[in-house]
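Note that the structure is a prediction, hence the values are computed from the model and not measured. Numbering of ligands and ligand atoms starts at 1, following listing order. These values consider heavy atoms only, across backbone and side chains, with no hydrogens, waters or symmetry-generated copies.
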Amino acid sequence: MTWWNLASRVREVPLHRLLGATRDRVPVGADFGVMDRLDDLLSAVGKAVEQRFPRVKLKFRPGWDLDMLRAVRKQHPRETFHIDCNSGYRLADLALFRQIDEFRLAMIEQPLAHDDLVDHARLQSEIRTPVCLDESIAHPRHAAQALALKSCLYVNVKPGRVGGLTNAKIIHDLCQQAGIPCWVGGMLESATGAAACVALAMLDNFTYPADIFPSARF
Ligand SMILES: [Mg+2]
């Protein structure tokens, strides 16, 4: 990442252009974790919808699951939502994921184990909602294998998880060739780390709104 930053300065080419981007804008989404009360979540989601965030991501785990999703969907029947399970489930929970289909989510992020590709492929073949891999893709090789196995229909790319911008771009390109859209995730980066994510997120195949925090955060 330092090399990319230096190359950008030496050549006087903005980082996003050097990476191959043709856009100079990035849509970003809103994210909400598990909260003490469902009402707190509903009010936070309501504010994000008012602020016109193009999509809202909800953490999803046992005890904060279907009832939460039902309440949010009831209040916002047409907005774009997805859930992030952070590897909280197993293939034995297939019946739960079948129930989730009715909520018309954009995707289910990392439902199964962090190091799995095979069970995710099985799950994707059994449900309509797209599966998105996050933790499972720590290297371009994992992305190539996930594409071959049809383990997902989206890939979340984080430079910090996949080994920097070079690997992030390789994964983006592999997914683009396979017709699998990507989006840039976030892991509480510093402003410096987030700047690299912004440049990356301008690449063409990052079509779903990114997890990059509004600049007010910094
Ligand atoms: Mg995630």
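In this structure, a donor-acceptor pair under 3.5 Å is present between the side chains of E135 and N86. One side chain, T166 or W4, offers a donor N or O that lies under 3.5 Å from an acceptor on the other.
Only protein N, O or S atoms were scored, and 3 of them lie under 2.8 Å from the Mg ion (ligand 1).
Screening T129, I108, L66 against F103 for a side-chain contact (heavy atoms from CB on, under 4.5 Å) leaves a single residue, L66.
Applying the salt bridge (Lys or Arg N to Asp or Glu O under 4.0 Å) definition to pairs two or more places apart or across chains, those involving residues 169-187 are K169-D173.
Nearest heavy-atom pair, P209 versus V28, reported as atom, atom and distance to 0.1 Å: CB-C, 3.9 Å.
Separating the OG atom in S136 from the CG atom in L112 is a distance of 8.0 Å, to the nearest 0.5 Å.
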